[in-house]
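Written out below as structure tokens is the structure these notes cover.
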Amino acid sequence: MARIVLLIGTTKGAFVLKGDPARTAWTLNGPHCAGWPINHVIGDPDTGMLWAAGGSGWYGNGVWRSDDAGTTWELSRFAGGDREAWIEANPEEAAEYGVHPEPPGPLTGAVVQVWSLGRAGGTLYAGVMPANLYASADDGRTWALVEGLANHPTRETWAPGGAGLTLHTIVSDPGDPAKLWVGVSMAGVLASEDAGATWAQRVQRAGPGSAEIGRCVHNLVRAPGCDADLLYQQNHHGVFRSPDAGRRWDEITAGLPSDFGFPIAVHPRDPDTVWVIPLNGDSDGRYPPGAKAAVWRTRDGGQTWQDLRNGLPGENCFFTVLRQAMATDRASPAGVYFGTNTGSIFASTDEGDTWTEIARHLPTVLSVEVLAR
């Protein structure tokens, strides 16, 4: 089978965690990207090219690119930070530290943070705060605003979530790169079928009256192993399933211990198998209910749920798993991986039945993605 590589974004840089073919031995390297806070890391398994998005008020923000599977990295800066002003005001001290000014970045004043990355065909996308989408046709070297989303007629009604007005999730259809979905807190799910030229909000709950579901979508995933436009989302107020590309949403929270959580992942071949990690609530600490860690799995599209605890902390567990910090591989049986804000990476090679901690003592984990080589 292919070798599994985990791409990990943390508050102190990007890390690469390489597994052997059996997924039993793991080797960690990093931190990369000059120790910047990295919100999301993705890669191209065919070329080994990697991209990492992030930054801070001090460093500024942008997208790092590696052409050699993570050995070296180059920054495409979006916006500058406070670092440049400090260097200008303290040139002698900056020189002592070997710190030199950088160009401020073409989007200074327009972009506060880069939150998410995604690919569709030959285009690389970056989701930012305040919520906008940028596209690159040259593997992340240069970027252009996706005007159709920036000028959406409902934009004035979008409200910031707890982390601000962020475009935090980008989903594409590998069979049709013109189809895109994004998750925005708090505008919900928006979809495009023309490569971003026009967008439609898709926030309607199924049933009488077709009421809107909460617009604070936490994570959005497309089921890869099916032909239909089957989507799932973990929302601020539950878990939902859409059979029609988001035009209507059916709630599938029943059977879970909480309606609050961040990550959601779908099986690579079975669209009815889904994993979530419920947390105890928005204002109750955001840790596993009862302080007992569990991943919950459905095998029937959300009709029933099973808690999976073997190998996870069974008591005094207060970690949080953030929205981009869960992923699956394409092996058989499928592997499932998640990272915690306490710096651990957990892995299951039997679709969640058992779990092993494969890395620990990392910085706060912000994202986990799988690159099969």
Side-chain angles (χ1 to χ4, degrees), residues 6-12 15 17 19 23-24 26 28 37-40 162-163 168 216 218-219 221 232-239 252-266 273-299 302 304-329 333-370:
L6 301 187
L7 307 175
I8 303 166
T10 81
T11 53
K12 297 181 181 180
F15 292 80
L17 186 58
R23 298 177 291 180
T24 57
W26 298 85
L28 181 74
I38 296 297
N39 294 314
H40 198 201
H168 52 65
C216 192
H218 281 175
N219 201 7
V221 290
Y232 292 91
Q233 69 163 288
Q234 169 69 62
N235 197 280
H236 196 94
H237 303 291
V239 181
I252 56 172
T253 313
L256 293 171
S258 167
D259 63 1
F260 183 86
F262 289 108
I264 185 167
V266 189
T273 296
V274 181
W275 297 267
V276 295
I277 302 179
L279 302 176
N280 63 350
D282 183 11
S283 58
D284 296 325
R286 299 186 176 191
Y287 54 82
K292 300 176 181 180
V295 175
W296 289 71
R297 181 182 65 200
T298 179
R299 294 287 200 186
T304 61
W305 294 91
Q306 174 190 9
D307 58 323
L308 310 170
R309 302 177 184 271
N310 190 352
L312 297 177
E315 61 182 0
N316 300 322
C317 178
F318 301 99
F319 62 52
T320 297
V321 181
L322 298 173
R323 70 178 88 243
Q324 301 283 48
M326 190 179 192
T328 61
D329 66 29
V336 188
Y337 310 88
F338 71 88
T340 73
N341 69 336
T342 54
S344 292
I345 305 292
F346 288 92
S348 172
T349 58
D350 53 15
E351 305 194 352
D353 289 338
T354 60
W355 295 89
T356 303
E357 188 182 32
I358 60 172
R360 62 177 61 177
H361 307 315
L362 293 174
T364 295
V365 175
L366 303 177
S367 69
V368 176
E369 294 286 0
V370 173

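Below, each value reflects all heavy atoms present in this structure, side chains not excepted, and no hydrogens, waters or symmetry copies. Residue numbers start at 1 and run along the sequence shown.
Of the inter-residue distances, the one linking T340 atom OG1 with R360 atom CZ reads 11.0 Å to the nearest 0.5 angstrom. In this structure, L322 CG and R286 CZ are separated by 9.0 Å, a value rounded to the nearest 0.5 Å. Taken from OG1 in T356 to CG in L312, the straight-line distance is 9.5 Å, to the nearest 0.5 Å. Between the CG atom in N310 and the CH2 atom in W355 there is a gap of 11.0 Å [rounded to 0.5 Å]. L256 CG to I277 CD1: the interatomic distance, rounded to the nearest 0.5 Å, is 12.0 Å.
Looking at heavy atoms from C-beta onward, R23 lies in side-chain contact with D329 at the 4.5 angstrom threshold. When side chains are defined from C-beta on, V365 does not count as touching F338, because their heavy atoms never get closer than 4.5 Å. R297 is listed as a side-chain neighbour of D353, based on a closest heavy-atom distance under 4.5 Å. Using a 4.5 Å heavy-atom threshold, the side chains of L366 and Q324 count as separate. Counting heavy atoms from C-beta on, the side chains of F15 and P363 come closer than 4.5 Å. V295 has its side chain out of reach of V336: every pair of non-hydrogen atoms, C-beta onward, lies at least 4.5 Å apart. By the 4.5 Å heavy-atom criterion applied to side chains, W26 and I345 are not counted as neighbours.
S348 places a side-chain N or O within donor-acceptor distance of the main-chain N or O of T354, the cut-off being under 3.5 Å. With hydrogens and angles ignored, the 3.5 Å screen pairs no side-chain donor or acceptor of W305 with any backbone N or O of T253. Within the 3.5 Å criterion, the main-chain N or O of Y287 finds a donor-acceptor partner in the side chain of N280. Using a distance-only test at 3.5 Å, with no hydrogens or angles considered, no donor-acceptor pair links the side chain of R309 to the main chain of G314. Between the side chain of Q234 and the backbone N or O of F262 there is no donor-acceptor pair closer than 3.5 Å.
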**Item:** Chi angles and distances behind the ring pair (Phe, Tyr, Trp, His ring centres under 6.0 Å) call for H236, F260
**Value:** CA-CA 6 Å; H236 196 94; F260 183 86; 5.1 Å; yes

**Prompt:** Going through the distances and angles, do V274 and I252 end up as a side-chain contact (heavy atoms from CB on, under 4.5 Å)?
**Reply:** CA-CA 11 Å; V274 181; I252 56 172; 6.0 Å; no

**Request:** Please report the C-alpha distance between L17 and I358 in whole Å, then the side-chain angles of each, then the deciding distance to 0.1 Å, and finally whether the side-chain contact (heavy atoms from CB on, under 4.5 Å) criterion is met.
**Result:** CA-CA 9 Å; L17 186 58; I358 60 172; 3.7 Å; yes

**Message:** Determine whether T298 and T273 satisfy the following criterion, side-chain contact (heavy atoms from CB on, under 4.5 Å), listing intermediate values before the conclusion.
**Reply:** CA-CA 5 Å; T298 179; T273 296; over 6 Å; no

**Message:** As a quick check of understanding, evaluate side-chain contact (heavy atoms from CB on, under 4.5 Å) for W275 and L308, giving each step before the final call.
**Reply:** CA-CA 10 Å; W275 297 267; L308 310 170; 4.3 Å; yes

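A293 and C317 get closest at one heavy-atom pair: CB-SG, 3.7 Å. For the residue pair A334 and E351, the shortest heavy atom distance occurs at N-OE2, 3.0 Å. Here the shortest heavy-atom pairing between A294 and D307 reads CB-CB, 4.4 Å.
Among H40, H218, R323, the single residue meeting the side-chain contact (heavy atoms from CB on, under 4.5 Å) criterion with H168 is R323.
Judged by distance alone, the side chains of S344 and T342 never bring a donor and an acceptor atom under 3.5 Å apart.
Between F346 and F319, the two ring planes are tilted [angle within 30° to 60°].
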